[in-house]
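Notes follow the structure.
In the text below, chain A, chain B and the rest are named by the order of the sequence lines, each starting its count at 1.
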Protein chains: 2
Amino acid sequence: MKLKVKFLKWEAGLPVAMLHFKTAEKLGVRIQGNISIKTLSKYSKEMVTIIDTIDEPYVRENEILVSNEIKEEMRLKKGQKVDVNLAPIPESLNFIKKKLNSGVLTRNEIFIITRDIARNALSEAEIALLVAAMYKQGMRMSETIAMIEAMIKFGNKFSVKGKYIVDKHSIGGVAGNRTTPIVVSICSADGLIFPKTSSRAITSAAGTADVLETIMEVEFTPDELKKILKKTNAFMVWGGSLDMVPVDSKIIKVEKELNIDPKSQLVASIMSKKFAVGSKYILIDIPYGKSVKVDRKKAESLKNEFLSLGKHFHKKIRVVLTDGSEPIGNGVGPALELKDIVKVLDPKQKGPKDLEKKSLFLAGELFELTGMAKKGYGLKMAEKILYSGDAFKKFKEIVEAQKGNLNRLKRVARFKKEIHSAKKARITGIDNKKINSLARITGCPVDKFSGVYLYHHVGDEIKKGEKIISLYSETQSRLRQAIKFYRVENPIKFK
Amino acid sequence: MKLKVKFLKWEAGLPVAMLHFKTAEKLGVRIQGNISIKTLSKYSKEMVTIIDTIDEPYVRENEILVSNEIKEEMRLKKGQKVDVNLAPIPESLNFIKKKLNSGVLTRNEIFIITRDIARNALSEAEIALLVAAMYKQGMRMSETIAMIEAMIKFGNKFSVKGKYIVDKHSIGGVAGNRTTPIVVSICSADGLIFPKTSSRAITSAAGTADVLETIMEVEFTPDELKKILKKTNAFMVWGGSLDMVPVDSKIIKVEKELNIDPKSQLVASIMSKKFAVGSKYILIDIPYGKSVKVDRKKAESLKNEFLSLGKHFHKKIRVVLTDGSEPIGNGVGPALELKDIVKVLDPKQKGPKDLEKKSLFLAGELFELTGMAKKGYGLKMAEKILYSGDAFKKFKEIVEAQKGNLNRLKRVARFKKEIHSAKKARITGIDNKKINSLARITGCPVDKFSGVYLYHHVGDEIKKGEKIISLYSETQSRLRQAIKFYRVENPIKFK
């Protein structure tokens, strides 16, 4: 059935269309049923979506009202005619059930599931079943490999040319662990090509994209990114804007809703995104510890999985297990973390030593992985670039290319509360999860300048009356809530 | 935040609201995020829903546009003010994950999950996770009991008074197995009170509600139903219109989407609906066989589960395992099945013997279960009522009370194709699933008069050229498709 496209600046968070109820009846589709929308051009695009019905004058019988998500994905124009039909039941649902029933999926079955997610033929409930199946059954190496290949196939490539295209990824969970901007600046200052895409915070206080956004733009078109990369050897942007692996994005959306993070999908998700930008050398940082995502044992098993995948895909992968027992750096929150970063980068300032040390270590590993430095000399090379100010210079170049301005970092949040120690004591533990929650309560990641500042690390001896932590917030009420949370939850343990 | 309610005759198939993007920002809710809507009256109603955003003039900053599903469930009026707030993350998600991880849920945890589904705080993806968990892990008796109690608590009771309130339920899968109208007519003709709610077809050719709807109404208000019951001792309506167990309806909606039917939920679903209408004597018919839902072993285990629940809830429950190896009756499809039923009920006509026999057996069991007949005399009692015409009289009473008219059954579908045997043969099997699919292809359950008519049963000897099956459809194209399906799939096997 040919219908005319209509928009209403309707953001539904997922592709959905509205039909006049008579049109729905004619098509034989029920509410929440699936239709396929096809453009009429020679190389027609097709997409499957669920429908609602609505009355005139919002939609006429010969019209289809689509949400912005469809408009953008199909690049539709107002009034354009599209072919709308009843969509068949996706066969991938049977494969998902096979997986849930402990079966092993073939390459072909995984490709069909992935294709159906890509064309939007699976509902969120159906994707949730897939997530549950992966969570309960895990995935064999053959399945993970097929998943990576399928996600790349049904995605968009961003092809970067060059010999030394590198990437890094940290499994999350450590508060303040914002090494990326430092590592990218050091490595690209020495000629490595670093097309870095990062995520925004979901449950944490800040993602790298949130942090950078405090002073620069993090969303660009592919053409703009190519220009930036040519100019500076690197970019640091939000991965969602490029959306190179839309299937992964759709699965992650459901995982977030369910707050479930199947290990097998985690690996496929990371690898597909790295491969989609053409990275050849990939460093994976897996912090382990009590209050982060994985313990030592799980970290080891993840490491092996990454290494096997590297072998299969002929990529140079190095995996480092790092200490995730406490936060890194002093600031937790977008602007506070970025202030730490600038202090580490700027030779004239003194930044948090632990953040500096970890960043140098990671950059050094990448120099060795690419062969730019001989084994054992990567760290020295990284130190030289950092201490000379070359890394800071590169950072400022990238900030400028991404339309940023370091001066934006000068302000502080409107309200602040310093908490002092009531007695002489020793810090015995700092809980990553609780520090994250605390920072979120102050307003992170939305309020860029809110967050917490930690004055100490585990093992430090504190005098009576000494500052332990400062809380920053844009509103009094959030600050009060944060103080209360701090008192009740004790994110910092003393003895 | 106080907002004014607005409608647009918007049918979304699930509760969803639209806010102006600035309002969403103020609330701090993202697209697809949860808000709670609360009425301002003393006994305020509350509901949780996801949101979309849209631009003026469709929604202004001080307005909230709600889908019909919210309007109806909360009984909102245009322009009414409601209190809208950010909804917290439901804690039941943790319990669902516990179940997925092989845990056993406490009574309290099940009540919280059920409450969250009732107030719409769980998304379809989250309910899908629950379905996956129940499917993978099964449920202990203690969990099923808690689930039944919780679903009734968060539902609507339809209280029927009387000593002999009976009910029956057949686990589906047998094509043409439409005993309900006959059993209800026989039993209520002898004074049993039979408030029967039935379902519509989902994957089958017809549900009892679809069948009855051919000639009478099946949706009434509770008040209307009470009047009908008082007048005739019985009613036969679509369960969905009463919606006594809305939590069950929401779970079933997702199960249908996923085409998954966890056994434990099946039992809780059936029992909660029977208990909600106050049934004291319940007969469960479990047909078993190769081409229906359960085999003999699974039927036995289901039987035990029903009996244990009966004991726990102090209800008289009888479970019969019946032969589900082939279709019952001749017609498959709403009108064709009802024609069979009328022939069985009307003493002046000759109906399908197998349908008559099974209906009499079930009615006899109910007479014995209630003590209306002594052990061994139930069948005789049922036969007497059927053969005397009393059951048919009662059936016509119910038809009239439900605003029906038997004359509506007189027409036939526009197109018909008789298929004859090419040779002398013996029928060795009739596949329920394939016969169902065949009937659906002809147009069931939407086209009431479409469907298939079977002239024989398994074991019959067929002469060359003898009629085997007739296909009925309202369009030539559907009929052609059905003929093709019959030729390719061979739903009837010969030797």
Side-chain angles (χ1 to χ4, degrees), chain A residues 7-14 16 18-21 24-25 28 30-34 50-59 65 67-69 89-90 93-94 96-97 100-102 122-133 135-137 203 253-260 443 446, chain B residues 7-14 16 18-21 24-25 28 30-34 50-59 65 67-69 89-90 93-94 96-97 100-102 122-133 135-137 203 253-260 443 446:
Chain A
F7 314 123
L8 286 182
K9 290 201 187 172
W10 170 30
E11 299 270 1
L14 77 179
V16 47
M18 287 200 198
L19 297 175
H20 191 279
F21 75 96
E25 222 172 74
R30 299 188 206 184
I31 292 160
Q32 287 275 300
N34 280 330
I50 53 169
I51 69 132
D52 298 356
T53 63
I54 199 165
D55 239 21
E56 294 186 52
Y58 307 100
V59 182
L65 171 64
S67 71
N68 276 2
E69 291 76 12
I89 294 164
L93 192 52
N94 290 328
I96 294 174
K97 264 179 267 176
L100 190 62
N101 286 321
S102 315
L122 291 186
S123 68
E124 294 207 346
E126 287 162 327
I127 295 174
L129 200 69
L130 174 66
V131 171
Y135 177 74
K136 274 306 282 182
Q137 311 294 349
T203 54
K253 181 164 180 276
V254 174
E255 288 180 352
K256 274 164 198 164
E257 198 180 329
L258 302 176
N259 204 14
I260 270 189
V446 177
Chain B
F7 314 123
L8 285 182
K9 291 201 186 175
W10 170 29
E11 301 268 1
L14 79 179
V16 47
M18 285 200 201
L19 297 174
H20 191 279
F21 76 96
E25 221 172 73
R30 301 188 204 184
I31 292 159
Q32 288 274 300
N34 280 329
I50 53 168
I51 68 131
D52 298 356
T53 64
I54 199 165
D55 239 21
E56 293 185 56
Y58 306 100
V59 182
L65 171 63
S67 71
N68 276 1
E69 290 76 12
I89 294 164
L93 192 52
N94 290 328
I96 294 174
K97 264 179 269 177
L100 190 62
N101 285 321
S102 316
L122 291 187
S123 68
E124 295 208 343
E126 288 162 326
I127 295 174
L129 201 68
L130 174 66
V131 171
Y135 177 75
K136 273 307 282 182
Q137 311 294 348
T203 55
K253 181 165 179 277
V254 174
E255 287 180 352
K256 275 162 196 167
E257 198 180 328
L258 302 176
N259 204 14
I260 269 188
V446 177

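Annotation: the span from B:K9 atom NZ to A:Y58 atom OH amounts to 10.5 Å, rounded to 0.5 Å. Rounding to the nearest 0.5 Å gives a distance of 13.0 Å between CG of B:L19 and CD of A:E11. Note that CG of B:N68 is 10.5 Å distant from CG of A:D52, once rounded to the nearest 0.5 Å.
With sequence neighbours excluded, the residues forming a salt bridge (Lys or Arg N to Asp or Glu O under 4.0 Å) with A:K253 are A:E124, listed by chain and number. Partners of A:I96 according to the side-chain contact (heavy atoms from CB on, under 4.5 Å) rule, which considers only residues two or more places apart in sequence or in another chain, are A:I113, A:L122, A:L129, A:L130.
The two residues A:K136 and B:L100 make their nearest non-hydrogen contact at NZ-O, 2.8 Å. When all heavy atoms are compared, the tightest approach of A:E257 to B:L93 is O-CD2, 3.4 Å. Taking all atoms of both residues into account, the shortest heavy-atom contact from B:A128 to A:A125 is CB-O, 3.4 Å.
Looking at heavy atoms from C-beta onward, B:M18 lies in side-chain contact with A:W10 at the 4.5 angstrom threshold. Side chains of A:E126 and B:L258 form a contact here, defined as non-hydrogen atoms less than 4.5 Å apart.
Interface summary for chain B: among A:I54, A:I50, A:I127, A:N94, the most heavy-atom pairs under 4.5 angstrom belong to A:I54.
In this structure, the portions of B:N101 lying under 4.5 Å from any heavy atom of chain A include both its backbone and its side chain. Heavy atoms of B:F21 lying under 4.5 Å from chain A are absent altogether. Contacts between B:Q137 and chain A at a heavy-atom distance below 4.5 Å involve the side chain alone, from C-beta outward.
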